[in-house]
Every structure is written in structure tokens, then in C-alpha cells.
Amino acid sequence: MAKAFRARGDRVWVTDVDASALSVVPQGILASRVDAADDGEMSGFFKEISDVWGGIDVLCANAGIKGPTAAIEDMDLAEWRDCLAVNLDGAMLAAKHAARMMKAQGAGVMTFTSSTAGLYGFPYRAPYAAAKWAVIGLMKTVAMELGPFGIRANAICPGSVNGPRIDRVFEAEAAAKGMTPEEVRAGYAAGTALGRLSDAEDIANMAVFLASDAARMVSGQVMTVDGFTINPDPKV
């Protein structure tokens, strides 16, 4: 997303709780270590944005963790809460602090990252699914509250996206289901109408579109980028 917005000439600022991850951010993109689930750190970050930029046009609330992979009867409450804190509280805090600046300027776009897990159940990933369903409810409420101030809000629901993150997800799910990671990957690809996983660029392209004038009347919507999921729980 950061690269895609930068490519169209935008000023971009990314955050991550992992300082080492920020070392690979391309030149020309600002980066700060911030815990998305910490209100104090988020408040300080948005104050810095205000001091440096004077406002914010586009928010991509994209911070998330996969959370635990376990049957509901084995779910650890602390791990459940950690997953909701990053995926849901983080999205709320981003919207909370961005809304203040966007309302003052009378314009803005918020894009929340949900998931196809926010549209279907997700066996062994209950906290992640619960958080991603809640993100959609948050987005629709924000779109209703902020629409009168010229602010749009939408959610992107990626399916499985190629990369090291989904590799770790498949490994954990394979262990829980007694399958190999390759079998899980093949099952998820076969579970889409297009028969393949998405790439990160596919998600970024949707984020750029939603932030553009071409989407000026698009708000409160859930945009899936998944090749059309036809089987959300593949077992082959």
C-alpha cells in the first residue's frame, strides 16, 4: 500500500510495532515505531502527523496479527485479547485520531483492512474472525458518522495473499488440521473461483482506487479482493 500511494506521488507515513521491520521501508516514505493498540502512542503519532503535515487525507488502518490457531475449547483468553487489541482496537484508534483532523479540514478517506474471515467463519481462528467481522461494523458506523463532514470510509476484505505472512498462517493451520502447508495452500487456491491466491499489489490497487476521486461516491462498502471465495474452509 505504501509503495502504491508513493508511486502516485503521495506523501506516505507508515508505522509498525517492530522497529526492525521499518528498516526496509523504501526511501522517501516516513516510518515510525508505533503500537497500534496503544492509545497514548497513537495519539502521539497523529500529533506528529499534524505537526509535520498539518493534516491527513487518507488513512489505511491496516495493522493486524493472525492471533492464535486453536480450537475454541483450547483458546487462551490472553491471546484472544491480544488479537482483538491489534486488529480491532488498532483500527478504532486510527479512526479516532484521524477523524479529528479530517473533520477539521472537511474531507478525508478511511480504508480499513478486514478479511474474507470477516465475511465467513474461520475454523481454529476465532479471535481473528471475530475482530475482522467487527472491523466491518466499525467501518460502516464511521462512514455514517463522518459522511456529513465529507469523509468516506470503506473496508477491503483480502483473501489469502501470497507472501511470508500467509506462509506462516498455512503452517499453523496445517498443524491444526493434520495437513501439509502445501495441501492447505492448494485448498485455499481451489476455494476461489479464479483458482489462485491474490498478490499484495492487488490489495494495494484497491486501496488506491478507494482513495481516488474515481471512488468519490463509494462509502460504507465492503470490497473483497479474493478471486471470489466459493469455499472458505477447504479440507482438501
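The model shown is predicted, which means the values in this text are computed figures rather than measured ones.
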Is the backbone of [Y] close enough, under 3.5 Å, to the side chain of [X] for a donor and an acceptor to pair up by distance?
X    : Y    : answer
T141 : G137 : yes
T224 : D226 : no
W133 : A117 : yes
D57  : V109 : no
N154 : M223 : no
R125 : G67  : no
R196 : A189 : no
S219 : A153 : yes
D10  : V12  : no
S114 : K132 : yes

Parallel, tilted or perpendicular, as decided by the 30° and 60° cut-offs, for the rings of Y128 and F122
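It falls in the perpendicular class, over 60°.
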Please tell me if the side chains of [X] and [Y] come closer than 4.5 Å, counting only heavy atoms from C-beta onward.
X    : Y    : answer
I49  : M101 : yes
H97  : D39  : yes
E79  : P127 : no
C157 : I136 : yes
T113 : M1   : yes

Please list every donor-acceptor pair under 3.5 Å in which a side-chain atom of residues 158-173 meets a protein atom from a residue at least two apart or in another chain.
from, atom 1, to, atom 2, distance (Å)
N162, OD1, R185, NH1, 3.4
N162, ND2, S198, O, 3.3
N162, ND2, D199, OD1, 3.0
D167, OD1, R185, NH2, 2.3
E173, OE1, Y188, OH, 3.0
E173, OE2, K177, NZ, 2.6
E173, OE2, Y188, OH, 2.9

Atom pair [atom1]/[atom2] of [X] and [Y] - distance to nearest 0.5 Å:
X    : Y    : atom1 : atom2 : result
I156 : T116 : CD1   : OG1   : 13.0 Å
I151 : M110 : CD1   : CE    : 5.5 Å
W13  : C60  : CH2   : SG    : 16.0 Å
W80  : I72  : CH2   : CD1   : 5.5 Å
Q221 : R152 : CD    : CZ    : 11.0 Å
T15  : E48  : OG1   : CD    : 11.5 Å

Please determine if E41 and R33 form a salt bridge, counting it only when a charged side-chain N lies under 4.0 Å from a carboxylate O.
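Between R33 and E41 there is a salt bridge, with a charged N closer than 4.0 Å to a carboxylate O.
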Is the number of heavy atoms from other residues, nucleotides or ligands under 6.0 Å of [X] [atom1] greater than 12?
X    : atom1 : answer
K140 : NZ    : yes
R8   : CZ    : yes
K3   : NZ    : no
E73  : CD    : yes

Closest heavy-atom pair and its distance - [X], [Y]:
X    : Y    : result
A31  : V25  : CB-CG2, 4.0 Å
D35  : M42  : O-CG, 3.8 Å
A190 : I230 : O-CD1, 4.4 Å
N87  : A131 : CB-CB, 3.7 Å
A99  : L146 : CB-CD1, 3.9 Å
D89  : A85  : CB-O, 2.9 Å

Same cluster (ILVMFWY, side-chain, under 4.5 Å), [X] and [Y]:
X    : Y    : result
V225 : V222 : no
M92  : V135 : yes
L59  : M206 : no
M102 : F149 : yes
V14  : V24  : no

Candidates D51, V34, I56, L93 - the one meeting side chain to side chain contact (heavy atoms under 4.5 Å, CB included) with F46:
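Among D51, V34, I56, L93, the one meeting side chain to side chain contact (heavy atoms under 4.5 Å, CB included) with F46 is I56.
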